[in-house]
Amino acid sequence: MKNKLTLILLLAAFCVVKAQQHQEYITPADPAVQQKLGQWQDLKFGLFMHWGPYSEWGVVESWSICPEDEGWTQRKGPYSADYNTYVKAYENLQTTFNPTHFDPDKWVKAAKDAGMKYVVFTTKHHDGFCMFDTKQTDYKVTSPKTPFSTNAKSNVANEVFSAFRKENFMIGAYFSKPDWHSPYYWWPYFPPKDRNVNYDPAKYPERWQQFKDYTYNQLQELMTGYGKIDILWMDGGWVRPLKKEDSVLAHEMGSKFNQDIDMPKIAKMARANQPGLIMVDRAVPGAYENYTTPEQQIPAAPIDHPWETCMTMGNSWSYVPGDNYKSSQQIVQLLVKIVSRGGNLLMNIGPGPDGDWDPEAYKRLADIGKWIKINGEGIYASKAIAPYSDGNIFFTQTANGNNEYAFLLGGDKGLALPGVVSIKTGNVKKAKQLTLLGVKQKLKWKQVADVINVTIPAGLQSNSGLQYAAAFKIVY
Ligand code: GLC
């Protein structure tokens with residue numbers, strides 16, 4: 001009897017896994033979307049920004065008003081003892097938000113110099129505060145309640161998009177589907193219980209319809225009034241149709257309710273206004289998740305569809321004073337690893353309440369820029385190639401397969417080249433030429449089957465002038 005039960009449970013678990021696997025990546029049918037996705041994949045390196053009045057307190061974006069007891073939802077500070085008092089004070093941050101040093105051109109310059117090619121900006125995070133001039137609520141940066149509304153650059157999202165677009169960045173609008181300020185999502189009649197809608201949409205369809213309209217209207221504003229948008233990056237994967245086969249997944253995200261906001265209708269409107277728009281209905285596998293978004297991690301192996309790792313440059317998505325920024329070497333090596341597995345890196349910097357970044361972020365970008373100027377040819381528009389990596393060497397190749405790049409990563413003490421670098425390319429094709437990017441000196445090398453041994457002269461070993469990761473370019 002017990003065995004039978006175990007068997008049934010195992011079978012059930014197997015079916016769930018299968019069902020989840022079944023929700024595989026769906027290649028978008030629209031050729032314009034496919035084309036833009038291809039272009040986006042070539043960009044490799046983007047800038048993410050999480051910004052809102054929460055930066056005034058230097059706390060986590062939105063999550064401290066979510067009544068869940070998780071590590072990242074903990075409330076701190078003078079109002080934290082009482083939930084309702086806290087939310088009031090949090091929402092009141094709107095009345096002091098005045099980032100007068102906001103100068104998106106400065107960000108563009110630094111990001112461009114670092115080799116970033118696209119930007120994704122939080123138009124609205126889960127807390128519902130709009131960093132754009134929506135007509136649907138006055139919980140927004142352009143409301144008279146917000147001191148910054150009198151500033152010429154108060155329509156922040158528009159300013160960010162215009163500034164980056166001028167320098168040919170692809171433009172991405174982050175938009176949270178859940179909205180913890182909207183009375184149509186967290187109905188004030190009930191207390192919120194968790195991140196989800198706090199009433200059953202099936203029981204109160206009219207209220208849910210109001211939420212759908214609210215969402216649709218905001219997205220319509222973004223898709224019509226903010227110039228050319230390339231990516232609509234929608235967060236809050238628990239807002240989704242609750243289907244039988246993904247009920248387990250939805251349950252894991254704490255959702256008991258069907259939170260269908262009619263994505264087909266949204267997509268139709270969005271793409272009518274923004275032909276070829278890449279839609280990222282994050283963590284909702286299907287037609288509207290045109291690329292997947294592993295968060296704060298590098299997938300262990302290449303993924304056979306478009307993907308992007310989003311990661312914080314510090315520890316937090318939001319601005320935290322004195323946050324601990326990753327080293328330039330770490331960031332460069334993350335980029336190399338991600339690109340070698342066929343992905344993009346979307347690196348986040350959280351602007352502070354004054355409207356600028358931590359000086360550390362600028363330093364990192366300047367370092368990365370120096371590296372990318374030498375090594376970018378092995379990064380941009382490159383493709384993954386087996387074996388992807390061998391020890392601390394990571395591979396990429398040009399689209400035509402003629403050039404391969406072997407990136408040797410520096411260690412804890414920085415980059416020192418050994419006397420012989422042994423590159424196991426896994427490729428027995430005869431190499432015609434080998435150079436070390438950023439180094440003029442000709443190097444001796446010898447290929448035996450699929451291994452190329454490169455001799456590094458003593459003078460170069462600790463004195464190559466190279467940093468973080470050295471790229472050997474192999475021409476076939
Ligand atoms: C995490 C955070 C969320 C943030 C997102 C960005 O899910 O909880 O606040 O927007 O990462 O990828």
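All ligand and atom numbering here is 1-based and tracks the order in the structure.
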Could you list each nitrogen or oxygen of ligand 1 that sits under 3.5 Å from a protein nitrogen or oxygen, with the atom names and the distance?
from	atom 1	to	atom 2	distance (Å)
ligand 1	7 (O)	E295	OE1	3.0
ligand 1	7 (O)	E295	OE2	3.2
ligand 1	8 (O)	W63	NE1	2.8
ligand 1	9 (O)	E61	OE2	2.6
ligand 1	9 (O)	W63	NE1	3.0
ligand 1	9 (O)	H125	NE2	3.0
ligand 1	10 (O)	H50	NE2	2.7
ligand 1	10 (O)	H125	NE2	2.8
ligand 1	10 (O)	Y174	OH	3.4
ligand 1	10 (O)	D235	OD2	3.3
ligand 1	11 (O)	E295	OE1	3.1
ligand 1	11 (O)	E295	OE2	3.2
ligand 1	11 (O)	W317	NE1	3.3
ligand 1	12 (O)	R282	NH1	3.3
ligand 1	12 (O)	E295	OE1	3.4

With Y139 via ring pair (Phe, Tyr, Trp, His ring centres under 6.0 Å) - residues at least two apart: F129, H181

side-chain hydrogen bond (donor to acceptor under 3.5 Å, both in side chains) contacts in which one or both residues fall within residues 259-270, not counting sequence neighbours: Y185-Q259, N196-Q259, S255-Q259

With sequence neighbours excluded, residues passing ring pair (Phe, Tyr, Trp, His ring centres under 6.0 Å) with Y214: none

Donor-acceptor under 3.5 Å (T146 side chain, F148 main chain): no

S154 side chain reached by F102 side chain, heavy atoms, under 4.5 Å: no

Under 3.5 Å: donor-acceptor pair, side chain of Q34, backbone of P28: yes

